[in-house]
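Written out below as C-alpha cells is the structure these notes cover.
Position 1 is the first residue of the sequence, and the numbers go up from there.
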Amino acid sequence: MGVAISRFLEKPYLSICLLFLITIVSITSYVYSIFKPKDSSISEYYLSENAEYFVGDIPKDDTGKIDFQKMHKVHWLSSSGWIDDEEFKRITDSEYIWLRSKAFSELANEDLHFLLEHAGLNIEIFNENGDSIFKYGEFSDPKYLPNIFQSKFSWVKIPKDDSKFYYLRLFHKKGILFSITIIENLIGKQTALYREIALKNLTAIFFHSFFLMIGIICALVYFIEYKKQYNILLDFSSFSLCFGILGLTSNEFIRYLFTNTQTLYILSIISSNFVFIPMLSGVRRLFGSGSFRVLDILIYGDVIICSLTTILVFSLPFSDFSHSLLISTRSFFILFNLLNIIGPIFITYESWKKGNKEAFGHFIGFSITLVLVILEIIMAIKYNDTTPTGIVFWGVLFGVISQGFALERTLFTDRQKALLYKEDLLKAEKTLKESQLKTLQTKMNPHYLFNSLNTIHALHKIKPELIGDAIMSLANNYRFISDRTDRDWIPFEEEWNFLEDYLHLQKLRFYDTIQIDFKKSGDFSSVVLPPLLLQPIIENSFKHGFRGSSEGQLQLFIHAKMIKDSVFSFVVYDNGTGIPDELLSDKQKLMSRSLGNIKERLKNLYSEFQFDITKNYPEGTRTEIQIILTSKVQSTT
C-alpha cells in the first residue's frame, strides 16, 4: 500500500488534476460572465462613438446661454466611419469642437452615471435646454490643458429631463490630438457600474498578468541558463512581456485605478510599437528568413519605423509636425501591421512545403491572426478608431500561443539531446576514470617492481632471512592490483592492507634509515573507497620527498581516521626535501604531478571533499584528504 502511494505521488497526477480544475473553473467563470443575466440597473450607452460634430465654437446669446434649438438647423457632420486626413486635420486644428449625441432616454431612476475618460482637452456637457450638466477644466487658457498622455476620469451624472440630445463642448490645444470615451459604454448606478466595469476587465487583467509573469520567468530562465544560449526563449520572453504590458496598460480599469496614467501611456506606446519585433525574430530562429530574406527586411523595417513612430508620439505635445505626420500616415501603419502578419504566413507556408511539419501549425495560427486583424481594421474604420493598439492586441495573441508551443517543442528537443549527451558524458567519464586508474597501474608496475626486485637482491646479501617476507608482500601487492583495481569501490580494509604490504617493502628497501608511523582510528566497517586512491600520496613522499634528502633519519607519518560517521580523513606528511615555494604557489603546475590525478578522481567521485598540499614544519610536505562519504556523485554504472 505504501509503495503504491509513493509511486502515485511520484507521478504528476495531482498537479494535472489541479491544473485541470483551475482551467475548468476559469472557463466556466468566463462563460458565465458573458451569458449571466444582465443587471437591470445598467444599460449600454454610446456618447461619442456615433455622435455628430461641428468644427468651431457656438456663440452664446445675450443671456449667456446657447440656443440649441437653433442648432438643429445647422449642418452637423457624422463622426462614424473613416474620416479622411484633410477633415481629421481640420478637426484637430480647431481649438473648439462640438459633439451632438442622442440623450439617454431610459431613465428608470434619478441616480444614473457614466464614467467618462478624456485626455488632452477640457470638456463641458449641456442638455438641450442649455443647462450645464458636467464641466471639466476652464476654457480660457490653453496653457492649462492636460496633454494627450494624461487620461482623466470623471463620473458624470445623467439629468432627468426630456432632452433628445446632449451637446459636448470640447476645448483643446490647436493641432494636438485628443480622446474622449465612456468606459465600457455603460450607464447605471455608480456602485453597480463600478462593480460591472471591474468584472468585465478582471479576465483581461488576469490574462495579461499571466503573460507578463511568463515573460519574466522566461527571462530569468534565460539568464540563469545563459551559457546554453536559449535565444528563442529570450524572444518569447520579450514577446510575452510586450503582450502583457500592452494589455495591462491599455486596460481601462487599470488606467482608472492607476494615478500615473502618463507612465501607462508611455509603456503602452512602446509595447504596441515593438511587440512584433521579438515575434518575427522567434519565427526567424525557427524557420529562417525565407526567400528574398523577408523576415530580415521586416525586422529591420520594424526597428526603424517603430523607433521613429515612438519619437513622433512622444513629441506630440510639443510639435505640430508630429501631429500632421501621424495623421497623414494612418493608412501606412495599418498596412505595415498587416505586413508583419503576412510575412510569417509566407515563411511558415514556405517552410511547411519544404517538409517542416511544425511550420504547419504556425501557418494556421498566423492565418487566423490575419483574419482577426482584418476584422479589427474593419471595426476601426466603422467606429473611427484610428489607434493601432486594437490591431496589435489581436495580432499578437495567436503569435504568443504558436511561439509558446514551438518553444516548448524546441526546449523538449534540447532536453532530450542534453540527456543523451549527459549519458554519453557519464560513459566517457567512467572510461576516463578507468583509463586514469590503468595509467596509475602502468606507472606503478614497472617502477615498483624494479625497486622491489632491487630490494630483494640487496636482502640476499645482507639479510637473506627477510627475503620471504619481501616476496610475500610483493605478491600481495600484485594480487591486489590484478584483482581489485577493476572495481569501482573496495572496502577500506582491503586498501589499508595493500598499503601495509607496500610500506613493508619500503621499510626493507630503506632498511633502518626510515621511521614510519602508520595508524588508523575510528570505525571503518562501512567505508568503501576507490582502489589505489591513497597509495600515490604515500608514494609521492618516497619519490619526491626522500630523493636527495640529506636528513639522516627519514620520518613518514600516515594517519587515517573517521570524523563523526561520514567524514573520512587521511593525512600524510614527511621530513623530506619539501616542495619549492614557486611550485607550491603555482597550483596548476603542482597538480600536473601525480597528485593531480588523485584530485581529478575525487572530483569525479565526490561532490564534497578537501585536498590540500602544504609545507610541513619544520621541513617536508604535508598532504591531507578529507571526504564527505555521503556526497558520492551519481553512479555511472
Side-chain angles (χ1 to χ4, degrees), residues 47-49 92 97 99 113-125 134-139 141-156 168 170-173 175-186 190 193-209 211-212 241-275 306 309-319 322-323 326 380 383-393:
L47 180 70
S48 60
E49 283 76 1
T92 56
I97 305 292
L99 295 180
H113 293 77
F114 59 82
L115 183 58
L116 188 67
E117 181 182 11
H118 45 97
L121 79 167
N122 290 334
I123 179 173
E124 188 169 10
I125 304 176
F134 171 77
K135 184 177 182 181
Y136 177 87
E138 296 296 331
F139 288 75
D141 193 345
K143 293 181 180 179
Y144 300 103
L145 285 168
N147 64 50
I148 189 64
F149 299 155
Q150 295 173 318
S151 290
K152 304 294 180 181
F153 292 85
S154 303
W155 287 98
V156 179
L168 286 72
L170 310 181
F171 176 64
H172 69 102
K173 188 177 179 181
I176 299 298
L177 296 171
F178 59 89
S179 66
I180 178 172
T181 184
I182 292 181
I183 301 299
E184 296 294 341
N185 294 311
L186 294 176
Q190 191 168 344
L193 195 61
Y194 184 89
R195 183 178 62 252
E196 187 70 15
I197 292 172
L199 289 174
K200 279 182 171 292
N201 285 276
L202 188 61
T203 301
I205 292 171
F206 172 80
F207 181 74
H208 289 99
S209 298
F211 276 99
L212 187 66
L241 283 172
C242 284
F243 183 66
I245 291 172
L246 174 61
L248 290 175
T249 55
S250 59
N251 184 273
E252 296 168 326
F253 191 63
I254 292 291
R255 291 201 305 267
Y256 174 73
L257 296 176
F258 206 83
T259 56
N260 189 0
T261 56
Q262 193 163 354
T263 300
L264 293 181
Y265 189 86
I266 292 172
L267 287 173
S268 178
I269 291 297
I270 293 174
S271 57
S272 63
N273 279 341
F274 293 99
V275 68
C306 292
T309 304
T310 303
I311 294 171
L312 284 174
V313 171
F314 289 157
S315 64
L316 276 176
F318 319 105
S319 171
S322 300
H323 151 264
L326 284 174
Y383 295 107
N384 194 29
D385 182 5
T386 58
T387 61
T389 304
I391 298 171
V392 173
F393 178 84

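At least one side-chain heavy atom of Ile270 sits under 4.5 Å from a side-chain heavy atom of Ile266. No side-chain heavy atom of Leu202 sits under 4.5 Å from any side-chain heavy atom of Phe253. Looking at Glu184 and Glu196, their side chains never come closer than 4.5 Å, going by heavy atoms from C-beta outward. The side-chain heavy atoms of Ile254 and Asn201, taken from C-beta on, include no pair separated by under 4.5 Å. Inter-residue side-chain proximity for Phe178 and Leu145 is flagged as unmet; no heavy-atom pair is nearer than 4.5 Å. Looking only at side-chain heavy atoms (C-beta outward), Ile180 and Leu168 come within less than 4.5 Å of each other. The side-chain heavy atoms of Phe149 and Val313, taken from C-beta on, include a pair separated by under 4.5 Å. A 4.5 Å side-chain heavy-atom check between Asn251 and His208 finds every atom pair outside the cut-off.
For His118, the side-chain hydrogen bond (donor to acceptor under 3.5 Å, both in side chains) test picks out Ser154, with sequence neighbours left out. Listed by chain and number, the residues in a side-chain hydrogen bond (donor to acceptor under 3.5 Å, both in side chains) with Thr92 are His323 (sequence neighbours excluded).
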side-chain contact (heavy atoms from CB on, under 4.5 Å) evaluation trace for Ile197 with Glu252:
CA-CA 9 Å; Ile197 292 172; Glu252 296 168 326; 5.8 Å; no
Kindly indicate, with the supporting measurements, whether the criterion side-chain hydrogen bond (donor to acceptor under 3.5 Å, both in side chains) is fulfilled by Thr310 and Asn273.
CA-CA 7 Å; Thr310 303; Asn273 279 341; 2.9 Å; yes
Applying side-chain contact (heavy atoms from CB on, under 4.5 Å) to Leu115 and Tyr256, what does each step give before you reach the verdict?
CA-CA 10 Å; Leu115 183 58; Tyr256 174 73; 3.8 Å; yes
Go through Phe211 and Leu248 one step at a time and tell me if the side-chain contact (heavy atoms from CB on, under 4.5 Å) criterion holds.
CA-CA 10 Å; Phe211 276 99; Leu248 290 175; over 6 Å; no
Decide yes or no on side-chain contact (heavy atoms from CB on, under 4.5 Å) for Ile123 and Leu116, but give the supporting numbers first.
CA-CA 11 Å; Ile123 179 173; Leu116 188 67; 3.9 Å; yes
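We find the CD-CZ distance between Glu124 and Phe134 to be 9.5 Å, quoted to the nearest 0.5 Å. In this structure, CD1 in Ile269 is found 11.0 Å from CG in Leu312, a value given to the nearest 0.5 Å. Taken to the nearest 0.5 Å, the CG atom of Leu186 stands 15.0 Å off from the OH atom of Tyr194. How far OH of Tyr136 is from CG of Leu170: 14.0 Å, rounded to the nearest 0.5 Å. Taking NE2 from His172 and CG from Asn122, the interatomic distance works out to 11.0 Å, rounded to the nearest 0.5 Å. Rounding to the nearest 0.5 Å gives a distance of 11.5 Å between CD1 of Ile311 and SG of Cys306.
Shown here for Thr249 and Leu246, the closest heavy-atom pair between the two residues is OG1-O, 3.4 Å. Shortest non-hydrogen contact noted between Ser268 and Ser250 is OG-CB, 4.3 Å. Between Ile183 and Glu117, the shortest heavy-atom contact is CD1-OE1, 3.5 Å.
Formation of a donor-acceptor pair under 3.5 Å by the Ser271 side chain with backbone atoms of Ile245 is not found in this model.
Glu138 CD: 12 or fewer foreign heavy atoms inside a 6.0 Å radius.
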